[in-house]
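The structure under discussion appears below in the form of structure tokens.
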Amino acid sequence: MTAALCAVALGAFAVFRIVPVSRLWKGYRVLYVISDSLTDAQVHAVLARNGCRDVVARSNQGIPIVSRYSPVQMQGADSYITKRNVFFRDESNTALLCYVPEGQDRALSRAIDELQSVPGAVVGTDGTASFPWTSPIVYAAFALVCIVFARQRLAIAPALLFLLAFMLSRPQFTTGAAACLASYGFFMLQKIWGRHGFLKGAGSPLVVICLFAPAVLLFVSSPLNVLFYVVALVAGGAALVLVALLKTVYDEKRKRHPFAPVLIRGARFIPLVERRDVKVIALLVFATAVMLLVSLAGTMVQSPVSEGIVPAVPAPVAGSARLPDLDDFLAWSWQTVTFPYRRLSDGNAQPPVDGDTVVMPEYAEENGVITERGKTVFVYNGAFRSSVYDSVRRLPYPALEKMLLRQGKDARYSYARGGRSTGERFGPALLVVFMLIPAGIIGYVVLVRRHYGIGF
């Protein structure tokens, strides 16, 4: 039974393994089409026909902010509305670009097949599969540390091997941190394995936190990862039992004397955390910190522009900005809504700064006398910016500005090739929690060091 369970777990890890795909844009895949015959509208029509929804394309863009009193305004060459068209062409102005929301891989694949059937068309996306070795390597190093420091290595190695299989199947930073924390849970269990009262000792709060807290945290990021994590735990426990049974059979066949030694001290007399274990816990904190730092570094999209055959396309970058961003959009929005209140002779208005106001004169009769007073109509401040963002979110079409908001209000844009690994949901925040748990354990054992027999 235990062998079958282990085999099923390994099969599940192999069949349902994932390989993260690189992305330039958070939440979107960039489709580029190089063709002399296809237009933006035709490319968008092919995507829609094959089931791609909410595609950000040049042909379906509108005016995001409209003045109530002046709904039609001239847009010059220096207007944001004109400049934003660069997001739908590559740097050399030879490729058409569309942005397809994630989760539509099959529909996008069908659309790419249809577009590639057009003579002379070159079609591709920014998504490239690449196995991220960082988290599996960090986990394997920490697992090796646990095995080296363990007294009963046969009681921990099988479980850690299944956690490694889980890591290779779901190679993400949060799963790596979860596997590391679970490994320390098994490290504590190996101390009391085979002793009287093992099950009661396994219910220690420290063990429960290390083994089951990862399931709660992973659920925030991906419920599917929780399923495979639980499979790894169950299979690891089954492997531990299987190894113990095989060892018993082996010992019975080789024993020459009827005497069989047993462990005298019960599980409740064995401290789960000892002085020498603080090094292991510290390494657990360090391993999680490494994953956190690499994860944060991965959120910095590569800077422009590298060599290669893939066209350089607009993308969020860590380097200098060359393309319009949300600041330009906000400045244009301010000029748009305040246009009816400005003199035509004012010419091109300067970009707004916090505190700029638009005042409209009002006239009222007071004591038989008509007086004038100014009424503040608009103020350029945080409230104004929030109202613009809210208007963008309510737009009934897949606006480019919605995609820019998804990247972050402070994001800057230029041309880039390649991509970065897709980010995990709440990844950095979860990694911080994963790091705080072992740090909290260190603090806990220091506070109750006498209980655990630790001296500092």
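We use all heavy atoms of the structure for the numbers below, so side chains are in, but hydrogens, waters and symmetry mates are not. Count residues from 1 along the sequence.
A distance of 13.0 Å separates CZ of Arg110 from CG of Leu115, quoted to the nearest 0.5 Å. Of the inter-residue distances, the one linking Gln75 atom CD with Thr82 atom OG1 reads 6.0 Å to the nearest 0.5 angstrom. Once rounded to the nearest 0.5 Å, the distance linking NZ of Lys83 with CG of Asp325 reads 10.5 Å. For the atom pair Lys402 NZ and Gln407 CD, the distance stands at 14.5 Å (nearest 0.5 Å). If you take CG on Leu31 and CD1 on Ile112, they are separated by 5.5 Å, rounding to the nearest 0.5 Å. Put simply, CG on Leu292 and OG1 on Thr174 are 12.0 Å apart, with the number rounded to the nearest 0.5 Å.
When side chains are defined from C-beta on, Leu211 counts as touching Leu189, because their heavy atoms get closer than 4.5 Å. A heavy-atom distance below 4.5 Å is found between the side chains of Val313 and Leu24. Under the 4.5 Å side-chain criterion, counting only non-hydrogen atoms from C-beta, Leu233 is not in contact with Phe162. Trp334 is not listed as a side-chain neighbour of Pro351, based on a closest heavy-atom distance of 4.5 Å or more. A heavy-atom distance below 4.5 Å is found between the side chains of Phe87 and Pro324. Side-chain contact check for Ser109 versus Arg106: every heavy-atom pair is 4.5 Å or farther apart. The shortest distance between side-chain heavy atoms of Cys98 and Val56 does not fall below 4.5 Å. A 4.5 Å side-chain heavy-atom check between Phe186 and Leu163 finds at least one atom pair inside the cut-off.
Although no hydrogens or angles enter the test, the distance criterion places no donor-acceptor pair under 3.5 Å between the side chain of Gln116 and the main chain of Ala121. With hydrogens and angles ignored, the 3.5 Å screen pairs no side-chain donor or acceptor of Gln190 with any backbone N or O of Ile156. Panel note: side chain Asp40, backbone Val43; no donor-acceptor pair is recorded below 3.5 Å. Checking side-chain atoms of Gln61 against main-chain N and O of Pro398 turns up a donor-acceptor pair under 3.5 Å. In terms of modelled atom types and a separation under 3.5 Å, the side chain of Ser35 and the main chain of Ser37 share a donor-acceptor contact. No side-chain donor-acceptor contact under 3.5 Å links Thr336 to the backbone of Val66. Judged purely by atom type and a 3.5 angstrom limit, Thr94 has no side-chain atom pairing as donor or acceptor with the backbone of Asp90. Between the side chain of Asn60 and the main chain of Ala57, a donor-acceptor pair closer than 3.5 Å is present.
In this structure, a donor-acceptor pair under 3.5 Å is absent between the side chains of Ser117 and Asp113. With hydrogens and angles left out, the side-chain atoms of Thr125 and Arg29 include a donor and acceptor closer than 3.5 Å.
Contacts of Asn93 classified as side-chain contact (heavy atoms from CB on, under 4.5 Å), with partners at least two apart in sequence or in another chain: Arg89. With sequence neighbours excluded, no residue forms a side-chain contact (heavy atoms from CB on, under 4.5 Å) with Ser386. Evaluation of the ring pair (Phe, Tyr, Trp, His ring centres under 6.0 Å) rule for Tyr397 yields no partner, not counting sequence neighbours.
Counting all heavy atoms, side chain and backbone alike, Val388 lies closest to Ser333 at CG1-OG, 3.8 Å. Smallest separation of non-hydrogen atoms from Gln104 and Cys52: OE1-CA, 3.0 Å. Of all heavy-atom pairs between Pro314 and Tyr415, the closest is N-CD2, 3.8 Å. Heavy atoms only, all atoms of each residue included: Asn50 and Ala107 are closest at O-CB, 3.2 Å. Between Leu326 and Lys409, the shortest heavy-atom contact is CD1-CA, 3.7 Å. When every heavy atom of Val55 is checked against every heavy atom of His44, the shortest pair comes out as CB-CD2, 4.1 Å.
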- Message: Could you go through Tyr32 and Val123, starting from their C-alpha distance and side-chain angles, then the distance that decides it, and tell me whether this counts as side-chain contact (heavy atoms from CB on, under 4.5 Å)?
- Response: CA-CA 6 Å; Tyr32 63 86; Val123 186; over 6 Å; no
- Dump the intermediate steps for side-chain contact (heavy atoms from CB on, under 4.5 Å) on Tyr184 and Val280, then the final yes or no. CA-CA 8 Å; Tyr184 185 70; Val280 180; 3.9 Å; yes
- Chi angles and distances behind the side-chain contact (heavy atoms from CB on, under 4.5 Å) call for Ser204, Met188: CA-CA 10 Å; Ser204 166; Met188 288 188 287; over 6 Å; no
- Item | Residue pair Val379, Phe384: steps toward the side-chain contact (heavy atoms from CB on, under 4.5 Å) verdict | CA-CA 7 Å; Val379 179; Phe384 175 82; over 6 Å; no
- Query: Going through the checks in order, is the salt bridge (Lys or Arg N to Asp or Glu O under 4.0 Å) test met by Lys26 and Glu102?
  - Reply: CA-CA 9 Å; Lys26 184 188 300 182; Glu102 288 181 343; over 6 Å; no
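Using cut-offs of 30° and 60° on the angle between ring planes, the pair Trp332 and Tyr80 is tilted. Ring planes of Phe228 and Phe13: tilted class, angle from 30 to 60°.
Between Asp327 and Arg412 there is a salt bridge, since at least one side-chain N of the basic residue sits less than 4.0 Å from a carboxylate O of the acidic one.
Under a cut-off of 6.0 angstrom, the local environment of CG in Asp390 is crowded, with over 12 non-hydrogen atoms contributed by other residues, nucleotides or ligands. Under a cut-off of 6.0 angstrom, the local environment of OH in Tyr389 is crowded, with over 12 non-hydrogen atoms contributed by other residues, nucleotides or ligands. Residue Arg393 qualifies as enclosed at atom CZ: its count of foreign heavy atoms under 6.0 Å is above 12. Surrounding CZ of Arg49 are more than 12 heavy atoms belonging to other residues, nucleotides or ligands, all under 6.0 Å away.
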Enumerate, atom names and distances included, each donor-acceptor pair closer than 3.5 Å involving a side-chain atom of residues 137-146, sequence neighbours excluded.
unit_1, atom_1, unit_2, atom_2, d
Tyr139, OH, Leu160, O, 3.2
Tyr139, OH, Ser183, OG, 2.9

Considering only distance and modelled atom types, tabulate donor-acceptor pairs under 3.5 Å from the side chains of residues 427-443, sequence neighbours left out.
none

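Within the structure, the salt bridge (charged side-chain N to carboxylate O under 4.0 Å, His left out) test picks out the following pairs touching residues 142-164 (sequence neighbours left out): Arg151-Glu274.
Remark: aromatic rings of Trp25 and Tyr413 are close, center separation under 6.0 Å. Note: Phe339 and Tyr69 fail the aromatic proximity criterion, with ring centroids not under 6.0 Å apart.
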